[in-house]
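Per chain, numbering begins at 1; letters A, B, ... match sequence-line order.
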Number of protein chains: 2
Amino acid sequence: MPTIKDVAREAGVTHAVVSRILNEDPTLTVRPETRERVLSAAARLQYIPNHAARALRHAKAGAVGLAVHDISNPVYSEIIAGAQTAVASHESVLMLADVDELHRDASAFSRMITSKAIDGLVFLPAGTRADEAVLRAASSALPTVVVNDRAPGVHSVSLDDAAAARMATEHLISLGHRDIGVLTLDGDTHRRIDRLAGHEAALRDAGLRSEANWIENGGHTLESGRSGLHRMASRGPLPTAVAVHNATAALGAMRAAAELGLAVPRELSIIGFHDMSFTGFVTPALTVVRLALTELGVRAVDVVFQLIGGEQVEETSTVVDPAPELVIRESTAPVSER
Amino acid sequence: MPTIKDVAREAGVTHAVVSRILNEDPTLTVRPETRERVLSAAARLQYIPNHAARALRHAKAGAVGLAVHDISNPVYSEIIAGAQTAVASHESVLMLADVDELHRDASAFSRMITSKAIDGLVFLPAGTRADEAVLRAASSALPTVVVNDRAPGVHSVSLDDAAAARMATEHLISLGHRDIGVLTLDGDTHRRIDRLAGHEAALRDAGLRSEANWIENGGHTLESGRSGLHRMASRGPLPTAVAVHNATAALGAMRAAAELGLAVPRELSIIGFHDMSFTGFVTPALTVVRLALTELGVRAVDVVFQLIGGEQVEETSTVVDPAPELVIRESTAPVSER
DNA sequence: CTGTTAGCGCCTTCAA
DNA sequence: TTGAAGGCGCTAACAG
């Protein structure tokens with residue numbers, strides 16, 4: 001690996017000149033001829049500046065962290081993909097961290113957060129204890145932004161959860177359903193509250209009552225969605241339609257419906273949240289509200305970089321473009337007589 | 001952020017002493033009293049060594065890269081999760097990169113690979129052009145290991161693809177199927193070749209003929225699995241059972257079966273590859289061969305660190321523990337008369 | 001127009 | 001038992 005000095009020697013100048021030419025220092029005036037020599041020497045030696053040295057000098061890591069619980073969650077992977085491209089456009093790299101590990105292992109935490117290994121942190125909370133602790137510690141040490149939720153005193157970018165949830169429930173209402181249940185998120189998150197509020201607002205606007213028996217936690221996993229519907233069923237007659245505030249949980253709910261001997265959508269309409277890759281491929285294909293997950297990742301990273309750059313940023317922002325969109329497939333149908 | 005000098009001043013010693021105490025230099029002898037003063041000063045100031053400075057000094061980044069195509073692919077996310085934990089146990093962090101971006105954007109490539117921002121690279125190939133180019137360039141610059149496949153001249157750790165594929169097909173045979181098709185991977189990968197070989201070996205051992213019409217590319221996505229089965233159907237009568245060499249593609253194939261009006265498993269048995277989270281939740285629940293994906297990620301990272309440490313490592317290794325395991329659910333059934 | 005110098009924070013001989 | 005000094009590779013003042 002050639003260093004800047006090798007290039008300097010090769011071009012017959014000092015390393016300082018090489019640095020200024022390569023970094024296009026505007027205050028520098030050089031003979032085109034010298035510049036040429038330096039450039040070609042750099043190219044010939046395939047010189048690439050050393051990341052660590054730069055980081056040390058600039059007091060900047062050139063990296064942004066991404067703290068997440070469960071990479072295999074498809075919702076997260078879409079956000080991550082957005083973050084990934086955004087980070088690249090800021091000439092940085094993405095470091096992945098597991099929130100639970102950060103919480104469990106102090107050395108992992110310091111390696112990542114407090115050692116200036118990253119310039120900022122994007123945090124995907126799930127509403128756990130670990131979340132709260134890690135987030136508090138991280139945000140006091142670094143520019144931090146919470147994605148897909150809000151947190152007091154921390155910058156965040158989220159989706160219009162209330163509007164999206166309202167859209168889901170209104171779709172069910174428009175199909176004639178009057179008995180509508182909800183499998184909402186669990187965990188202590190704002191998006192849970194907002195989605196539930198959107199659901200209830202839709203009900204209220206339609207003059208429908210929100211039945212306590214039909215409000216249940218569905219979480220964001222297959223199993224939590226499945227057990228959520230089972231719990232609801234165990235409490236009495238099911239509604240004719242259920243809004244599930246997560247697509248993965250919606251698939252779990254579909255499984256539960258099958259286990260209960262209920263035909264979807266004839267006997268039970270199910271609408272999900274997020275247009276994951278599998279939603280169009282299961283049978284019946286899942287009707288969902290599609291949200292701008294990739295954009296969410298992009299925006300979060302943008303905010304982190306604004307913060308790093310010392311800019312003033314609104315503490316909370318919402319991704320409204322692209323807007324939530326109803327994707328009607330097969331899992332919802334007009335209410336039928338029973 | 002306190003530096004080592006701040007700690008030294010606070011403890012009334014030189015920064016060299018602090019460094020040696022904190023790093024537990026065995027050649028150092030200090031009065032317990034001094035050590036105590038240094039340790040408590042470090043704790044009081046919450047001193048954390050600067051990552052960049054360490055990296056510069058050690059000529060080590062303290063990070064390992066992970067190059068992947070599609071984070072949202074559940075197969076990958078399980079491997080990534082394994083890699084994540086393994087990296088942490090080596091006191092390092094994980095950097096995420098998109099292969100296609102590395103291929104497209106030279107600056108992204110150099111930022112990651114050639115600037116010593118990472119000490120080694122774990123590469124998850126998908127058999128594309130970009131793969132080949134990126135892998136060649138990376139492996140000449142860094143300790144690199146290919147996961148879930150092999151590549152000439154590069155270290156790799158993979159699964160026992162042939163055995164697993166054989167296991168899948170043998171399950172079908174044991175159910176009495178004699179007309180057995182396969183939806184194998186696409187892309188130019190060794191695992192495709194190995195899985196196909198395992199499939200054909202099972203057929204051969206059972207005295208069954210491998211029918212060209214029943215060998216089709218199913219890829220590793222929902223859509224590729226779906227269109228793969230449709231293509232097979234368009235060429236003539238379908239077999240009574242199909243081994244799909246990827247679980248996601250298997251779900252796509254199930255969708256295609258539904259579109260073709262075929263009941264699974266009564267009219268068509270389907271077995272998938274990899275026990276993804278959704279496999280037990282779709283209806284019918286998918287029978288699969290479970291492979292040690294997490295372990296694969298762990299092992300890959302271990303090999304990278306062996307390489308970084310200058311150890312001699314076998315060029316190719318296979319994860320055989322845990323062994324592939326047949327998980328029988330609902331999508332396969334004994335052949336029925338037609 | 002280009003070279004010299006200093007220092008980012010850390011670790012590691014070598015001296016004292 | 002501890003201090004002093006040098007240098008990892010790079011950038012940014014300041015000289016010349």
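Look at CD on A:E24: it is 13 Å from P on D:dA12, rounded to the nearest Å.
Taking 4.5 Å as the limit, every side-chain heavy atom of A:V64 sits out of range of all side-chain heavy atoms of A:I118. Counting only heavy atoms from C-beta outward, the side chains of A:L22 and A:Y47 approach each other to under 4.5 Å.
When all heavy atoms of B:E91 and A:S107 are compared, the pair lying nearest together is OE1-OG, 4.0 Å. The two residues A:A52 and B:L56 have their closest heavy-atom pair at CB-N, 3.7 Å.
For the helix from C:dC1-D:dG16 to C:dA16-D:dT1, the rotation axes defined at the first and last 5 base pairs enclose an angle of 50°, given to the nearest 10°.
The stretch residues 26-46 of chain B touches DNA chain D through B:L28, B:T29, B:V30, B:R31, B:T34, each having a heavy atom under 4.0 angstrom from the strand.
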Indicate for each nucleotide in nucleotides 8-13 of chain C, in 5' to 3' sequence, whether protein heavy atoms under 4.0 Å reach the base (B), only the sugar-phosphate (S), or nothing (-). BBBBB-
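Residue pairs meeting the side-chain hydrogen bond (donor to acceptor under 3.5 Å, both in side chains) criterion with at least one partner in residues 54-73 of chain B, sequence neighbours excluded, are B:H69-B:D100, B:H69-B:D131, B:D70-B:S72.
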Using distance only, find each side-chain donor-acceptor pair of residues 11-20 of chain A under 3.5 Å and give its atom names and separation, not counting sequence neighbours.
{"from": "A:S19", "atom 1": "OG", "to": "A:N23", "atom 2": "ND2", "distance (Å)": "3.4"}
{"from": "A:R20", "atom 1": "NE", "to": "A:D25", "atom 2": "OD2", "distance (Å)": "2.9"}
{"from": "A:R20", "atom 1": "NH2", "to": "A:D25", "atom 2": "OD2", "distance (Å)": "3.3"}
{"from": "A:R20", "atom 1": "NH2", "to": "A:T27", "atom 2": "OG1", "distance (Å)": "3.2"}

What donor-acceptor contacts under 3.5 angstrom involve side-chain atoms of residues 82-90 of chain B, with partners at least two apart or in another chain?
{"from": "B:T85", "atom 1": "OG1", "to": "B:G82", "atom 2": "O", "distance (Å)": "3.0"}
{"from": "B:S89", "atom 1": "OG", "to": "B:A86", "atom 2": "O", "distance (Å)": "2.7"}
{"from": "B:H90", "atom 1": "NE2", "to": "B:D302", "atom 2": "OD1", "distance (Å)": "3.1"}

Please assess A:L66 against A:I79 for the test side chain to side chain contact (heavy atoms under 4.5 Å, CB included), listing each intermediate value before the final yes or no. CA-CA 10 Å; A:L66 187 71; A:I79 298 176; 5.9 Å; no
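Looking only at distances, a side-chain donor or acceptor of B:D149 sits under 3.5 Å from a matching main-chain atom of B:H190. Under a 3.5 Å cut-off, the side chain of A:E315 and the backbone N or O of A:G153 do form a donor-acceptor pair.
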